[in-house]
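Every value quoted in this text rests on a predicted model; they were computed, and no experiment measured them. The analysis underlying the following values was restricted to heavy atoms, covering all of them including side chains, and did not include hydrogens, waters or symmetry mates. Every chain is numbered from 1, with letters handed out A, B, ... down the list of sequences.
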Amino acid sequence: MSDSARDKAVHRAVAHDSAAKHVQGTAMYVDDIPEPRNLLHAYFGTSTVAHGRIKRLDLDRVRAAEGVKAVITSADIRGQDDISPVHAADEGVFANDHVQFYGQPLFAVAASSRDLARRAVRLAGIEYEPEPAIVDIDAALDAGLFVSEAHVMSRGDAEDAICNSPASVEGVLRTGGQDHFYLEGQVSMVIPVEDGDLQVYTSSQHPSEVQQTIARVLDKPANAVTVEVRRMGGAFGGKETQAAQWAVIAALLAEQTGRPVKLRLDRDDDMQSTGKRHDFIIRYQAGFDDQGRINGIRFFHAARCGMSSDLSAPIADRAMFHADNAYYLPAAHIESHRCKTHTVSNTAFRGFGGPQGMMGIERVIDEIAQHLGTDPWQVRRANFYAEAPRNITPYFMEVQDSVLDELCSQLADESGYTARRTDVMAFNESNEIHKRGIALTPVKFGISFTTTFLNQAGALVHVYKDGSIHLNHGGTEMGQGLMTKVAQVVADEFGVPLAQVKITATTTAKVPNTTATAASAGSDMNGMAARAACRTIRERITDFLVDEQDVSRSDIHFEQGMVRYGPQSEAFAAIIERVWMARISLSATGFYKTPKIHYDREQARGRPFFYFAYGAAVSEVEIDTLTGENRILRVDILHDTGQSLNPAVDMGQIEGGFVQGAGWLTSEELWWDEKGQLRTHAPSTYKIPTCGDVPEEFHARIWQQGCNREETIHKSKAVGEPPLMLAISVFSALGQAVVAAGGDLSSLDAPATPERILNAIAAGRRD
Amino acid sequence: MRSKVRFHLNGELHEVQHCPPTLTVLDYLRNECRLTGSKEGCAEGDCGACTLIVAEAGSTGTEYLAMNSCILFLAAIDGKSLISVDGLALGDGALHPVQAAMVEQHGSQCGFCTPGFVMSLAAMYQDHDQQPYSRENLNLNLAGNLCRCTGYAPIVRAAEQSLVSRDSTLVKELDQRVTTELEFLESDPPLSVEGTNGRVFAPRTLAQLLELRKNHPLATLVAGATDVGLWVNKDLQTFDTVIHTGAVAELLEISKENELIKIGAAVRLRDALPELIRHYPSMRDMLERFGGAQVRNAGTIGGNIANGSPIGDMPPALIALGARLELHSLESRREIVLEDFFIDYGRQDLKPDEVVSAVLLPIHDDGQFACYKISKRPEQDISALCAGIFMRLDRDAIEEARICFGGMAGTPSRAGQCEKALTGKPWRRDTFESAMQALKEDFTPISDMRASAAYRMRVARNLLLRFFIEHDVPERRMQETSSVR
């Protein structure tokens, strides 16, 4: 292979493979697939109490409603009524007689139109015997209600280290939940085919799980269910486990009616009946020296998990894995509680607990800096992971690849951080009503599923006789550009133009037993698996040429659409034709498992991550102390993508992740009423960032020195989740502004809505 | 009279017989025409994924307005021309410049919001006034389009690339085609559908409207449908008779006489905005943050008042300025002061045969006026509270104070005790501090998802303080450079 960057398909800012279709509206999503003639539309009825027993569920009027062809409840389930992704058997398709959140599905109908199905489900006569609802974390802690066991991570004697420190801080930080607000809501279409088999089109990050869940609930073998996903209209973790339920309901109704069934959720129902990011209460206590260096730290995490376990255990674990963020903690004790509440079961969301974990330590650093009266950036820097012995995490993993000292220094220089901090202080001196804050915060994010066995991926590559290539792998496209990146890898392997590689829909029929496209690991794992498949085929072609042309293997090169051997060169397609005629297979599977990782959860010890992704951001904000309204004025980001497979795609993840994180920490607020009903269940009440929330001065850059020290696909780094946490700089800067207004830093919780900002100011002024 | 809804879609004439009264344009496109480019993201006009262009004849030429097709009823586009994303690409298959720029700048990721962004940008591209590109203007026009993937940065770059210099030939070509389409339907008689699916009327004159109102007292009056659309999509309400006000000539007028601006009830927010800002510049911030562009392009002044919402953005400012409401029935015409229209939560002073026909707004040139909108998110959010404050000074004393808040009670309400604490008192900070305290006599706000009662009260007080600071004598006036609106 030629290594010259010029003709490489990788490391290039290629447009998203579907970009031209996106802008013309011709990219097909599940709801755009031409509907079968006899399609039925499903909808579901939900609980209007947060907790209670169903005394009566009268569906007679529903059955009799116009257009209704079938009505199902949990009684119609033949297989296992268990949609828990971890087989915890704590979540059925429908509430049986025990309702555990407001909005929980109770039954479903199939009708001749979506409108009639939606109307029919409102006709149910339901009586409840309400029981006391535990809605928030405090209530769950008081009641001792948990979805799974508490977990502890400990290294050294934190308590002792704190006691023996010259100074300490302690406090409590609450971080809010977050709705994914993927623009395309949950949707599935299930078509019965022969032998009772089901063809499923769904918007899911995890086709294999949809397949297996349908098979389990309908008591079918997995080979009777084929699940296909071409693309999702956004997911962000919200379609990792949460897509299965709707596909299952459609499958149940398809089986019962023998007709194709589509279920597409209305936005409000989607927001009420699907899980979100876990909100956390984080208590902290930290002892430090006069330089602000942390000697010992204790964290208490409590997460609102909702009514079932879902993925809460690994999410809460990841919060613990990131309780250190970028900082060496000589002695650390981190305990984590997974609270059960009568709210929708919370689930994966970009960062998967990592953001919450980092928020705790970043608040600690800000508090230390305030205590010492110094620049928080200097305190951050003083605590960065460094050479041994300051390179061991609380879970005993050695940090070997930290680039933060260099990366952050460069960012501080390029963003003019120090001078601007002086300007901010001058601004605050001369303004009474408006106050500003600036903060530089780092991100260190562990890459790999911490459940080690999930770190596997498969691919299937065909080369057709004309030289065109068919690519398939287990990863799903949700907008992150995975398909484009993997296609670049394949084009690079065969030295053909990218256009020669056909991207195809993810399907359980081609690559089985896949892991969710999650944990930022999509291109790392599927890129490697696809490369393995290509290399198998390439080796066969090479063997053929060695034999046919009597050339040595090292003289054979695939580049620029040609295969060069010795002095000769031939079109790729021409050789492929001969390879086929020589009866050599031009199809191969590829497989990858992430090396080097291991983790003993019992001991909370090991190397759960293959490597770390790094980045840092400087944010400057302004608040209005009369109303709490606020604005981000400027953002500078420097992010390490290793040797980026596609800088344009990666930049999209960096900018987009940051803004999504900023939304989580500022305007996106989930609000439940006293009945336990989520009242922010539509974009009218739940406010994700708009264009105007993004400052004109928004400078994101990929760190040019980046290179993964591990053997990842073309030395790139995962980029899906890490940038979200760059937005902690916004929250930290808001804290600085609150302090400048005479407010109390430790009173500012997330999301920092105008109301919370005003409250934190008032809290400080009262003291 | 005509029973078919007629309009052009991407250059083709569509005629719909028996148009159901609440069939939305989005459902028509996706379900009837199998044009699936426009997406349903929220079905309530807040995300913009279903945005398309509605072209119509304006006073100085064809206007191209971005609207949310999910809450736009088919009958509302009668006689107009629609451009959807499915038909935006140029005749030869080449991408429209905004589409090309979105591809080149990597403006799409998951692609689901993209058609909506493309159409909002295309509306700017085709904009009748050809406003020069600025980021501020872009923010105004994209506030109604949500993207969850990109962080907007590449979309901004795409907008800049395509809008800074526009291809005037391209703009003209489309304009000629669409203008011809509009002229073709110009002389259609008024729409009057009485079919199996229900009744839909689109009268052209106030007399026709009042006649229909009298004959169909249970009919639903629809202006921009930015609220009614939600009743249909979310509450699944059905209406068998709908009367559209959007074509009633008298309701579309803006006139000025005797120090009074008269704004017809069906005047859309976008059309009222320049006139209101001309006289009351302080309204700019509130009006520009009134919904997204798609909502301002559809929603009307009258609609925002007539539905009686306690959190409508317009009434507090209008009430503070002493606006009156004109109400018409076939038999009578009456005027009431606007605050009297709001009797209680969900109850207005409107008889079954009456329609709100106009808002009459006095032009004050001798007082101080400000209005404030406070929301969780600056753009396109429903206000937690909204304030309109008007004061007239006599030397250093406050001669008259009219203060109205939205979001503090079940209706937009005057702050009587607060006004009393100010009236006749010296213009001083301590006067305002007493007035701030008096607000607790006026209001007992509620806590909800937008804000707590305590926050509403605290901010209501602080807004009074802000008014004082901003309008104090020049040597003491607060002069802060602020980037927070």
So does [X] pair up with [Y], basic N to acidic O under 4.0 Å?
X	Y	result
B/Lys373	B/Asp381	no
A/Asp31	B/Lys39	no
A/Arg267	B/Asp46	no

I need the residue from [options] with the largest number of non-hydrogen atom pairs under 4.5 Å to chain B.
options	answer
A/Glu477, A/Arg264, A/Met478	A/Arg264
A/His16, A/Gln653, A/Gln660	A/Gln660
A/Asn431, A/Asp673, A/Asp268, A/Asp693	A/Asn431
A/Ala235, A/Gly481, A/Pro689	A/Pro689
A/Thr690, A/Val659, A/Asn759	A/Thr690
A/Ser667, A/Ala20, A/Gly657, A/Gly25	A/Gly25

Contact class of [X] relative to chain A, heavy atoms under 4.5 angstrom:
X	value
B/Arg456	neither
B/Ala143	backbone
B/Lys376	both
B/Val156	side chain
B/Ser452	both
B/Gln99	both
B/Asn31	neither
B/Leu35	neither

Who among [options] has the most heavy-atom pairs with chain A under 4.5 Å?
options	result
B/Val459, B/Val118, B/Leu146, B/Asp27	B/Leu146
B/Arg148, B/Gln109, B/Arg135, B/Arg34	B/Arg148
B/Ser108, B/Gly37, B/Gly107, B/Pro115	B/Ser108
B/Asp448, B/Leu465, B/Ile469	B/Asp448
B/Met119, B/Met102, B/Arg450, B/Glu40	B/Glu40
B/Leu95, B/Leu142, B/Asn145, B/Leu230	B/Leu95

Worksheet item: Between the side chains of B/Ser84 and B/Asn10, is a donor N or O closer than 3.5 angstrom to an acceptor N or O?
Response: yes
Worksheet item: With no hydrogens and no angle check, do the side chains of A/Ser203 and A/Glu184 hold a donor and an acceptor under 3.5 Å apart?
Response: yes
Please state whether the side chain, the backbone, both or neither of [X] comes within less than 4.5 Å of a heavy atom of chain B.
X	answer
A/Pro751	neither
A/Arg756	neither
A/Thr26	neither
A/Ala682	both
A/Ile33	backbone
A/Leu670	neither
A/Val14	backbone
A/Asn630	backbone
A/Asp269	neither

Do any N or O atoms from the side chain of [X] and from the backbone of [Y] form a donor-acceptor pair under 3.5 angstrom?
X	Y	answer
B/Arg289	B/Pro378	yes
A/Asp270	A/Gln186	yes
A/Arg765	A/Ala741	yes
A/Arg631	A/Leu633	no
A/Trp664	A/Gly176	yes

Worksheet item: Does the ring centre of B/Tyr125 sit less than 6.0 Å away from the ring centre of B/His96?
Response: yes
Worksheet item: Using the benzene-type ring in the case of Trp, are the ring centres of A/Phe698 and B/Tyr152 under 6.0 Å apart?
Response: no
Fill in: Plane angle bin for A/His22 and A/Tyr29 - parallel if under 30°, tilted between 30 and 60°, otherwise perpendicular
parallel
Practice prompt. Kindly determine whether A/Glu629 and B/Ile374 satisfy side-chain contact (heavy atoms from CB on, under 4.5 Å), including the steps that lead there.
Written response: CA-CA 8 Å; A/Glu629 294 169 289; B/Ile374 308 298; 3.6 Å; yes
Discussion item. Tell me whether the count of non-hydrogen atoms from other residues, nucleotides or ligands lying under 6.0 Å of CD in A/Glu432 goes above 12.
Written reply: no
Worksheet item: For B/Gln237, does the CD atom sit with more than 12 other heavy atoms under 6.0 Å from it, leaving out its own atoms?
Response: yes
Worksheet entry | Atom pair OG1/CG of B/Thr226 and B/Asn68 - distance to nearest 0.5 Å | 9.5 Å
